[in-house]
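Step one of this worksheet: look at the structure below.
What you see is a predicted model, and the numbers here were worked out from it, not measured in a lab. Every chain is numbered from 1 and lettered A, B, ... according to where its sequence line falls, protein lines coming before strand lines.
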Protein chains: 2
Amino acid sequence: MANLKLTPDETKAWMGLIKAQQHLTDKVEDELKKNGLPPYSWYDVLLELDKAPDGSLRLNDLGKKVLLNKYNVTRLIDRLEKEGLVSRDACPVDGRGKVACITPKGRMLRQKMWPVYYSVIKEHFLSQFSTGQLGQFIECIDRINSQFKN
Amino acid sequence: MANLKLTPDETKAWMGLIKAQQHLTDKVEDELKKNGLPPYSWYDVLLELDKAPDGSLRLNDLGKKVLLNKYNVTRLIDRLEKEGLVSRDACPVDGRGKVACITPKGRMLRQKMWPVYYSVIKEHFLSQFSTGQLGQFIECIDRINSQFKN
DNA sequence: TCTTATTGGTTGCATATGCAACTATAATAT
DNA sequence: ATATTATAGTTGCATATGCAACCAATAAGA
């Protein structure tokens, strides 16, 4: 059994990350709501679809991109479909599959959400970095994330 | 109206942060579950209470520390109370207030959760930093968080 | 003091999420 | 080909969260 203790710096780094992300995403949700816009999760999938060729992705692949498990993808797509932001079509190459396809209305909503989202990123996140720091930060973050690619 | 564009690096930093934190907290929840332990949110409040003098805090203050709004604090404390991990007492100095007080059972549970939590932090977070980087990282994160201290 | 506004906390109802079971199709094995 | 197993997606039920309304007590104003 190992030491089981974190140094003060280690604690600061970890707790800091948790709280930072919580503050930031709270702020994003807050601003979206204040502007009468849907939650961030909607933006997240609309963006992935918007970027995808043909504006469509299989639910499964979409789930991996936005880090949602399958039942939550199903239901999120339910809601978006109900609002006419995506359509849900049969997958041509796999009889089990479904693809979500972003509609023009969906693309427009994403565009409308972006400025609000953008301003939070700019004001509360990017503004806190000096020029060199951003690169450093990316390096750390990438290392962490690379563990989770598969 | 400004530019509304992020550079590739800015995007990487932001999206990286979001995904990193999502991966890491998913992993924490995962490991806790795998070990038959309650969710992270329980740990978070048990820790704050454990650190507090007398092991107790006003619900309101607790909420600020764990970044939960009041109704969620009420309900989280409901659940912890039901399990005998905290008691909910009247606040001596304010007739409106309530304090949550951690029980011995609560302290023990926190201790039991710690190694599981610790190992995720160690293995998936700290292990990714070279020595100098941690300090850099803290600096960035602190800047971000300092905006939100009221 | 008496009235009004604020604050701390709780609750009902609507929505969102987790879990396990289920259907249908596809991939693998014999 | 047939049987088995795995994968994609959905659904019912239980739990958790958000929102607005609420109660009770303190604080602020006239």
Side-chain angles (χ1 to χ4, degrees), chain A residues 22 25-45 48-49 56-83 85-101 150, chain B residues 22 25-45 48-49 56-83 85-101 150:
Chain A
Q22 229 165 327
T25 57
D26 282 1
K27 189 71 188 166
V28 170
E29 295 293 0
D30 227 58
E31 290 297 321
L32 288 172
K33 211 165 297 175
K34 227 184 282 183
N35 288 80
L37 293 165
Y40 171 72
S41 56
W42 290 33
Y43 184 87
D44 208 6
V45 336
E48 291 300 338
L49 292 176
S56 66
L57 284 172
R58 295 207 34 185
L59 296 198
N60 202 12
D61 301 332
L62 180 59
K64 281 175 198 150
K65 284 183 193 287
V66 301
L67 306 187
L68 280 181
N69 35 24
K70 46 188 189 164
Y71 43 88
N72 281 324
V73 173
T74 294
R75 281 152 173 169
L76 187 41
I77 293 298
D78 282 349
R79 287 170 237 149
L80 298 182
E81 196 183 17
K82 196 170 301 174
E83 299 294 326
L85 302 166
V86 308
S87 64
R88 191 200 247 107
D89 310 310
C91 175
V93 302
D94 183 339
R96 297 165 295 183
K98 296 280 170 65
V99 298
C101 182
N150 298 20
Chain B
Q22 229 165 326
T25 58
D26 282 1
K27 190 72 187 162
V28 170
E29 295 293 0
D30 227 58
E31 289 298 322
L32 288 171
K33 212 166 296 176
K34 226 184 282 183
N35 288 80
L37 293 165
Y40 170 71
S41 55
W42 290 33
Y43 184 88
D44 207 6
V45 336
E48 291 299 340
L49 292 176
S56 64
L57 283 172
R58 299 217 18 196
L59 297 199
N60 201 11
D61 301 333
L62 179 58
K64 280 175 198 153
K65 284 184 194 287
V66 301
L67 305 188
L68 280 182
N69 35 24
K70 46 189 188 163
Y71 44 88
N72 281 325
V73 173
T74 294
R75 280 153 176 168
L76 187 42
I77 293 299
D78 282 349
R79 287 169 237 150
L80 298 182
E81 195 183 18
K82 197 170 300 175
E83 299 295 326
L85 302 165
V86 308
S87 64
R88 190 200 246 106
D89 310 309
C91 174
V93 302
D94 184 339
R96 296 165 297 184
K98 295 281 171 63
V99 297
C101 183
N150 292 22

CG of B:N60 versus P of D:dA25: gap in Å, rounded? 17 Å
A:N72 vs C:dG18: side-chain N/O to OP1/OP2 distance below 4.0 Å: yes
Once you round it to whole Å, what is the distance between C1' of D:dG18 and NZ of A:K33? 7 Å
Before giving the answer on salt bridge (charged side-chain N to carboxylate O under 4.0 Å, His left out), spell out for B:K27 and B:E31 the whole-Å C-alpha distance, their side-chain angles and the decisive distance to 0.1 Å. CA-CA 6 Å; B:K27 190 72 187 162; B:E31 289 298 322; 3.5 Å; yes
Strictly below 4.0 Å, heavy-atom distances to any atom of DNA chain C: list the hits from residues 63-70 of chain A, or just say none. A:N69
Contacts under 3.5 Å, N or O only, protein and nucleotides 12-14 of chain D:
residue: D:dG12; atom: O6; partner: A:R75; partner atom: NH2; Å: 2.4

So, taking the atom named CD in B:Q22 and the one named CG in A:L67, what distance separates them when rounded to the nearest 0.5 Å? 4.5 Å
Value rounded to 0.5 Å, distance of OH in B:Y43 from CG in B:L32: 10.0 Å
In whole Å, I'd like the distance from the CG atom of A:D78 to the P atom of C:dT17. 12 Å
For the pair A:K65 and A:D44, find out whether any cationic side-chain nitrogen is under 4.0 Å from an anionic carboxylate oxygen. no
Nucleic acid contacts of residues 87-98 of chain B, taken as heavy-atom distances under 4.0 Å to DNA chain D: B:D94, B:G95, B:R96
Atom CG of B:L32 and atom C1' of C:dG18: how far apart are they, to the nearest Å? 15 Å
Quickly work out the A:L59 CG to C:dT25 P distance and round it to whole Å. 16 Å
Give the intermediate values and the outcome of side-chain contact (heavy atoms from CB on, under 4.5 Å) for residues A:R58 and A:D94. CA-CA 10 Å; A:R58 295 207 34 185; A:D94 183 339; 3.4 Å; yes
Round to the nearest Å and state the distance from B:E83 atom CD to D:dT15 atom C1'. 13 Å
Spatial distance of atom CD1 (A:I77) from atom CG (A:L49) [nearest 0.5 Å]: 6.0 Å
Specify the residue among A:P39 and B:T74 whose closest nucleotide of DNA chain C lies further upstream toward the 5′ end. B:T74
Measuring from atom OG of B:S41 to atom CG of B:L80, what distance do you get when rounded to the nearest 0.5 angstrom? 8.0 Å
Rounded to the nearest 0.5 Å, what separates atom CG in B:N60 from atom NZ in B:K64? 4.5 Å
From CD of B:E29 across to C1' of D:dT15 the rounded distance in Å is 14 Å
Does the pair B:R88 and B:D78 meet the rule for a side-chain contact (heavy atoms from CB on, under 4.5 Å), with working shown? CA-CA 9 Å; B:R88 190 200 246 106; B:D78 282 349; 2.8 Å; yes
Nearest heavy-atom approach of B:V73 to B:L62 is CG1-CD2, 4.5 Å
Paired with B:N72, the side-chain contact (heavy atoms from CB on, under 4.5 Å) test is passed by just one of B:L76, B:L68, B:T74, namely B:L68
Side-chain N or O of B:R58 versus OP1/OP2 of C:dT7: is the shortest distance under 4.0 Å? no
A:R79 atom CZ is separated from D:dG18 atom P, nearest whole Å, by 13 Å
